[in-house]
Amino acid sequence: MKYFEDIAVGEVWNLGRYEVTAEEIMAFAGKYDPQPFHTDPEAAKQSFFGGLIASGWHTNAMLMRLLADTIRRQELASVGAPGIDRCRWLAPVRPGDTLHARTTVAAARRSRSRPYGLVTCHTEVRNQDDATVCLMEGIGLYACRPEAEDAA
Amino acid sequence: MTEVTYLEDIALGEEREFGRYEVTEDEIIEFARQYDPQPFHTDPEAAKDSIYGGLIASGWHTCAMYMRMICDDRVDDGGLSAMGSPGFDDLKWLQPVRPGDVLSVRSKVISTTPSQRRPDRGTLRVRTRIVNQHGEVVAEMTNLATFRRRPAS
C-alpha cells in the first residue's frame, strides 16, 4: 500500500489512456447533460462546435476513471477528495479521440486534525494530437501510514 | 421562434433556486462502476467500513446530477444562447451524498464579462451551491459559462 508519506512532491503519475466513443458521449449526456451538441450528431453539426462533443463533466468522469484505475494499480491509500481549485476545458473532446492524462504532485501537507494527507495535483489531459483538452488543479486525500507499520 | 438569452439579459446578483434530483443507490453504483470504481462508491458493504460509514456518490456524479438540473431548468432554445463552458473554480465537496438524498441547486450570478478578444461573446460567472433535503450544502463551486452578446441592431 502506498500511503501519504510515500507520495513525493514533483512525482509524475501517468494515468494512462481512454478511448472516447460517440455512443458513450451520447449515453453520458442523455443522462446528465442533454444539450444538442452532446446528444444529437446531426444537430451538433449545426452548432457552434461543428459536431458532437463530450460534456466537460464527462471528460472529468473519464479522467476520474483513469485516476481510479491508477489508485488501484499503484495501491494508493486514497480516501476521497475535498475539491478542485480550478478546471478548464480548453478544447472539444470528440468521438474517436484518445485521451492521455498525466498528474504532477504539486504540494503535500498532513492534516492537523486527522490521519490523512492532502495532496495537490496538477493534471493535464491531452488528445491524440497532443492538444491539451483539460487542465485541473485539485486536492486528493490519502491515508497516512499506520503507526504499527512504522514500527515494523 | 424561441427567445435567445444573451449575456446582456442576465442580471448581476440574480439568485435562483431550482431542480430536484432523487439520488438512488442503484444510480450511485452504476455511475461509480463506470467512472469512479472505489469501494466507498461501488460496494455498500465495504463502504460501511470506510471513513464515510456507508455508500456515498462520487463527487463527479454529484456534479453530473447538478448539470442535469441545469439542463432541465433551461428553456430549450436549441443551443442558441449557451456556447458551452470553459470550466469552473473552487469546487468543494462538503458533505457526502447518500442514497435517498434529494438534491437541488441555489445559484447567484456574480459577474458577466464581455470577451476582450471576441466581441460576439462573454463569460458568465455563477456561484453555485448544491443542497440536500436537510438544507445542507453538499457541494459548492463557481461555474463559468460562455454566452452570446446581443448583436448590435
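Predicted model, so just to flag it, every value in this text is computed and none were measured. Chain letters run A, B, ... following the sequence lines, proteins first, then strands; residues in each count from 1. Note that these values count all heavy atoms, side chains included, but never hydrogens, waters or copies made by symmetry.
- No other option in A:I71, A:L63, A:V79 has as many heavy-atom pairs under 4.5 Å with chain B as A:V79.
- Across all non-hydrogen atoms, the minimal contact from B:D89 to A:C87 is OD1-N, 4.5 Å.
- Options A:A143, A:S47, A:A29, A:S78 differ in how many heavy-atom pairs under 4.5 Å they form with chain B, and the most are formed by A:S78.
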Note to self: Show, in sequence, the C-alpha distance, side-chain angles and deciding distance for B:L144 and A:R88, and conclude whether the side-chain contact (heavy atoms from CB on, under 4.5 Å) test is met.
What the structure shows: CA-CA 9 Å; B:L144 313 182; A:R88 288 295 177 276; 3.6 Å; yes
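- The number of heavy atoms from other shown groups lying within 6.0 Å of CZ (B:R33) does not exceed 12.
- Of the two parts of A:H58, only the side chain, counted from C-beta on, holds a non-hydrogen atom closer than 4.5 Å to a non-hydrogen atom of chain B.
- With rounding to the nearest 0.5 Å, the separation of CG in B:D120 from CZ in A:F48 is 8.0 Å.
- In this structure, the separation between CD1 on A:I84 and CG on B:D90 is 11.0 Å, given to the nearest 0.5 Å.
- Annotation for B:R121: atom CZ counts as buried by contact number, over 12 foreign heavy atoms lying within 6.0 Å.
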Next item on the list: Please assess A:K31 against B:E30 for the test side-chain contact (heavy atoms from CB on, under 4.5 Å), listing each intermediate value before the final yes or no.
Entry: CA-CA 12 Å; A:K31 269 185 215 156; B:E30 187 192 358; 3.1 Å; yes
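- Of the listed residues (A:P34, A:C134, A:A43), the one with the most heavy-atom contacts under 4.5 Å to chain B is A:P34.
- Between B:M67 and A:Q35, the shortest heavy-atom contact is CE-NE2, 3.6 Å.
- For B:M69, no part lies near chain A; criterion is any non-hydrogen pair under 4.5 Å.
- With a 4.5 Å cut-off on non-hydrogen atoms, B:F40 touches chain A through its side chain but not through its backbone.
- For A:R109, the CZ atom counts as loosely surrounded, since its 6.0 Å shell holds 12 or fewer non-hydrogen atoms of other residues, nucleotides or ligands.
- For residues 46-61 of chain B, the interface with chain A (any heavy-atom pair closer than 4.5 Å) comprises B:I51, B:Y52, B:W60, B:H61, sorted by residue number.
- Across B:F31 and A:A61, no two heavy atoms sit closer than the pair CZ-CB, 4.1 Å.
- To the nearest 0.5 Å, atom OH of residue B:Y35 and atom CH2 of residue A:W57 are 15.0 Å apart.
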Note to self: Apply side-chain contact (heavy atoms from CB on, under 4.5 Å) to residues B:F88 and A:N60 and explain how you reach the verdict.
What the structure shows: CA-CA 12 Å; B:F88 58 86; A:N60 293 8; 3.6 Å; yes
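- Here A:D85 contributes atom CG and B:M141 contributes atom CE; the two are 14.0 Å apart, rounded to the nearest 0.5 Å.
- Between A:M62 atom CE and B:Q34 atom CD the span is 10.0 Å, to the nearest 0.5 Å.
- Not a single donor-acceptor pair under 3.5 Å links the side chain of A:R65 to the backbone N or O of B:A32.
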